[in-house]
2 protein chains.
Amino acid sequence: MDIRTIARVANVSIATVSRTINHVPTVNPKIAKRVWEVIEELNYFPNTQARALVSGRSKIFGLIISEITNPFFPELIQGFEDVAIESGYEILVSSTNYDPKRMAQCIRRMLERKVEGVAVMTFGIEEPLLDQLAQRNIPLVFIDVGPPSPGVSLLKVDYQHGIRQGVQHLAALGHRKISFITGPLRLHSAQSRLAAFTKSLKECGITPHPEWIVEGDHTLEGGVAAAEKLLAFDESPTAIMCSNDMTAIGVLHHMYRANLRVPDDMSVMGFDNIHIAEVTTPPLTTIQMSRFELARAAVTALRAQVESASSLAPQREYKIATELVVRESTGFPKGTLPQVPKRPRKSKA
Amino acid sequence: MDIRTIARVANVSIATVSRTINHVPTVNPKIAKRVWEVIEELNYFPNTQARALVSGRSKIFGLIISEITNPFFPELIQGFEDVAIESGYEILVSSTNYDPKRMAQCIRRMLERKVEGVAVMTFGIEEPLLDQLAQRNIPLVFIDVGPPSPGVSLLKVDYQHGIRQGVQHLAALGHRKISFITGPLRLHSAQSRLAAFTKSLKECGITPHPEWIVEGDHTLEGGVAAAEKLLAFDESPTAIMCSNDMTAIGVLHHMYRANLRVPDDMSVMGFDNIHIAEVTTPPLTTIQMSRFELARAAVTALRAQVESASSLAPQREYKIATELVVRESTGFPKGTLPQVPKRPRKSKA
DNA sequence: CTGAAAGCGCTAACAT
DNA sequence: ATGTTAGCGCTTTCAG
């Protein structure tokens, strides 16, 4: 069952069938209709490999993420898949688990399958490995920052806006002793989030306390460990901001273990607004960064690069917004107010 | 840069290069060595599309899951990716979101990319759609149950073992009023879990109370809704078992909203043992089903089908174990005991 | 053991 | 507007 079969049955040449399938406008509509009918009837679809081989276009985009088990990424993948499929692209997803060996393997796979573009959503591990892709002129899209070569688009996340809102929210509640648990500091995005935090703190007239800035690793376990460290200091903060929600969930867990109540004894804030943040105990105040927006922008950037007539320079930067979402893990600092109701519980329905 | 370049530089024919790459044993070792050196030096790798086109082997396995945003699946994907890559296969993942339209699209994509086998990890939505794959003799692997055609392998999960352990754990604590929140009942796996529950209950001499068996949908939201329904009855259960962890997390959240303490006022048990179950408030007692085992078995089954000399019948069924993991969301039924310490908290470290 | 040559199913010149 | 034909990069007979 190939293009020849269709050609024979429809009584045309294979070239005409090919043109019909590819919507070349010069095909006689009557003939096109006949061809489509035969295609339907015989339930034919083109062989992607052959098509890719001859046209040099695989119609595959690669997506490199750091770890698929962090719920942030599946939500991103979902969006990426939806948008890519919609545009006729297949996607090849691979997670590096922060391991350079895996990253290398990852890139090799992308190369072998001849991806037409790659979205590197690892938040900043800009290894020279990626040069292998850049050198072959494969369009790339990064978050925040990347090699400033042509063919590289950037998704600029406005960390400052959301984080400022977060810090102000905390400050408005009366917090002055605010801690920050960072991501892995070799990640550019982790640096950016921290910088935004420090800056926002200063804007509120608060001097950052170095001891209260502790490095995490964007995992549950890292959040637990960081929270533990924070509580061990002579003077503890009254609020903890986290570089991502997984860290915050780890912190929540450690507070539970330490018999401390959130937000009564400690306020906790996350970043990402993953789905599950809505149902933690207590529901997590966090900063929303839209996975869908990120995914859509990535695909758009890649398509622009691939499909541009190579002459007209496509837009190279895309802005991604962030926004505070207040839930119940943040409150007044301890001892500040007369007893407030512990948890403003009411059933949703 | 293609096979011809290598042939020219190594001073052999392209056929010899091809044989070398494919480890055909008849190649003169000296020559093979020379060829490999050239390949290394020039950093060559074969064009997968061309290879697939001529050999008819895409070296791609498809993986169909229900929803990537349920943390169970990313963990499964990770395992599947690891094992498949290790065996030289690429993977094509697609989620159906329980939507038949998406399922159709999914299958179409698999067909177009000429996957050599598909693992259907949707837990039971055996649509006639899948016939499209079966008809083309594409090896398939299902969880629990599937069309008994040749070329179909089954991963048999031993729900009974884990669920019996769970029920007995509850019964041992003194619970008699035990509720079960099912998954979508059109899913075979959901039926199996429910059946195992009912059976285990009877084994303990407890008659299932129909009102306390409520249908969920394996989502957070479904868990919340089901818990709400359960609390509305005149007589509430003292323990709730859930068909998966996401449901249980939803239940935990609703208990929080309803100002009920877990496990003091209500015991809650999950199923799956996703990573995050370890840090819920309180940490979730659940039944472990190994994602990695599932993934490994799926790839093994597919490979066996693909690589068997079509004559020797590969093993067709693979057993997957389940095992109770006791944490802190289960306890004595309310009022049963003198006051026990509310939460056995201590820091881990 | 190695090389020459025939395609895999399709697209894209080039003719008509 | 349609048909003819030459490959895309590789594997695999078939000769030697």
Side-chain angles (χ1 to χ4, degrees), chain A residues 1-39 42-60 88 90 111-116 136 306-307 309, chain B residues 1-36 38-39 42-60 88 90 108 111-116 136 306-307 309:
Chain A
M1 163 64 76
D2 58 12
I3 200 175
R4 261 174 300 250
T5 319
I6 307 299
R8 201 176 326 113
V9 177
N11 230 311
V12 292
S13 72
I14 61 168
T16 299
V17 177
S18 176
R19 288 191 192 101
T20 306
I21 292 171
N22 293 294
H23 299 103
V24 174
T26 61
V27 185
N28 181 323
K30 283 186 195 313
I31 297 192
K33 185 160 175 293
R34 197 168 75 226
V35 172
W36 279 120
E37 280 165 8
V38 176
I39 289 178
L42 271 57
N43 194 20
Y44 162 85
F45 51 87
N47 179 323
T48 336
Q49 341 254 31
R51 215 202 262 242
L53 182 58
V54 58
S55 70
R57 305 220 24 207
S58 65
K59 296 289 260 178
I60 302 181
E90 194 48 73
L111 250 21
E112 285 186 353
R113 295 286 166 180
K114 295 261 180 306
V115 295
E116 292 188 51
R136 290 168 213 248
V306 170
E307 288 158 17
Chain B
M1 163 64 73
D2 58 10
I3 201 173
R4 260 174 301 250
T5 320
I6 306 299
R8 204 176 323 113
V9 177
N11 229 311
V12 292
S13 71
I14 60 168
T16 300
V17 177
S18 175
R19 288 190 192 104
T20 305
I21 292 171
N22 293 294
H23 299 102
V24 174
T26 61
V27 183
N28 182 322
K30 283 187 199 306
I31 297 190
K33 187 161 174 291
R34 196 166 78 227
V35 173
W36 279 119
V38 176
I39 290 178
L42 272 58
N43 195 19
Y44 163 83
F45 50 87
N47 180 321
T48 335
Q49 341 252 33
R51 216 202 261 243
L53 180 56
V54 58
S55 72
R57 305 222 22 208
S58 65
K59 295 290 261 178
I60 302 180
E90 195 48 76
R108 169 66 178 246
L111 250 22
E112 284 187 352
R113 296 285 166 179
K114 296 263 181 302
V115 296
E116 294 187 47
R136 290 169 215 248
V306 170
E307 289 158 17

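Letters A, B, ... are given to chains in the order of the sequence lines, protein chains preceding strands, and every chain is numbered from 1.
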Student: Can you sort out which residues in residues 26-33 of chain A have a heavy atom within less than 4.0 Å of DNA chain C? Ascending by number, please.
Tutor: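 Hits under 4.0 Å, by residue number: none.
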
Student: Return the OG1 to CZ distance between A:Thr26 and A:Arg19, rounded to the nearest 0.5 Å.
Tutor: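 One finds 6.0 Å between OG1 of A:Thr26 and CZ of A:Arg19.
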
Student: Taking all non-hydrogen atoms of both residues, which atom of B:Leu42 and which atom of B:Thr5 are closest, and how far apart?
Tutor: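 That closest heavy-atom pairing would be CD2-CG2, 4.1 Å.
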
Student: Report yes if some heavy atom in the side chain of A:Met1 is under 4.5 Å from a heavy atom in the side chain of A:Asn43; otherwise report no.
Tutor: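 Heavy-atom side-chain distance check fails, nothing below 4.5 Å.
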
Student: Check whether any side-chain heavy atom of A:Arg113 sits under 4.5 Å from a side-chain heavy atom of B:Lys59, and report yes or no.
Tutor: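 When only atoms from C-beta onward are counted, B:Lys59 and A:Arg113 do touch, with a gap below 4.5 Å.
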
Student: Please output the side-chain donor-acceptor pairs of residues 45-54 of chain B that fall under 3.5 Å, not counting sequence neighbours, one pair per line with the distance.
Tutor:
| from | atom 1 | to | atom 2 | distance (Å) |
| --- | --- | --- | --- | --- |
| B:Asn47 | OD1 | B:Gln49 | N | 2.7 |
| B:Asn47 | OD1 | B:Ala50 | N | 3.1 |
| B:Thr48 | OG1 | A:Glu112 | O | 2.3 |
| B:Arg51 | NH1 | B:Asn22 | OD1 | 3.2 |

Student: Between B:Arg34 and B:Asn11, what is the shortest heavy-atom contact and its length?
Tutor: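 Looking at all heavy atoms of both residues, the shortest contact is NH2-O, 3.7 Å.
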
Student: If every non-hydrogen atom of A:Tyr44 is compared with every non-hydrogen atom of A:Ile6, which pair is closest and at what distance?
Tutor: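 Looking at all heavy atoms of both residues, the closest pair is CB-CD1, 3.5 Å.
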
Student: Mind checking which nucleotides bracket the chain A contacts on DNA chain C, 5' to 3', with an atom under 4.0 Å from a heavy atom?
Tutor: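 So the contact region on DNA chain C extends C:dG9 to C:dA13.
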
Student: Atom CZ of A:Arg34 and atom C1' of D:dT2: how far apart are they, to the nearest Å?
Tutor: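 These atoms are roughly 12 Å apart.
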
Student: For B:Ser55, which residues count as a side-chain hydrogen bond (donor to acceptor under 3.5 Å, both in side chains) partner, sequence neighbours excluded?
Tutor: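 In terms of side-chain hydrogen bond (donor to acceptor under 3.5 Å, both in side chains), with neighbours along the sequence ignored, B:Ser55 is linked to no residue.
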
Student: Estimate the overall bend of the helix from C:dC1-D:dG16 to C:dT16-D:dA1 from the end axes over five pairs each, rounded to 10 degrees.
Tutor: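 About 40° separates the two local helix axes.
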
Student: So, do B:Arg136 and B:Leu111 sit near enough that their side-chain heavy atoms are less than 4.5 Å apart?
Tutor: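 Sidechains of B:Leu111 and B:Arg136: in contact.
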
Student: I need the single residue from B:Val9, B:Thr20, B:Val17 that forms a side-chain contact (heavy atoms from CB on, under 4.5 Å) with B:Val38. Which is it?
Tutor: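 Checked B:Val9, B:Thr20, B:Val17 against B:Val38; only one passes side-chain contact (heavy atoms from CB on, under 4.5 Å): B:Val9.
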
Student: Do you know which two heavy atoms are closest between A:Ala7 and A:Ser13, and how far apart they sit?
Tutor: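 Heavy atoms of A:Ala7 and A:Ser13 come nearest at CB-C, 3.8 Å.
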
Student: Just verifying a value: how many Å separate B:Thr16 OG1 and B:Ile21 CD1, rounded to the nearest 0.5 Å?
Tutor: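 The distance works out to 11.0 Å.
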
Student: What string of B, S and - do you get for nucleotides 8-16 of chain D, 5' to 3', if B is base contact, S is sugar-phosphate-only contact and - is no contact with any protein heavy atom under 4.0 Å?
Tutor: BBBBBB---

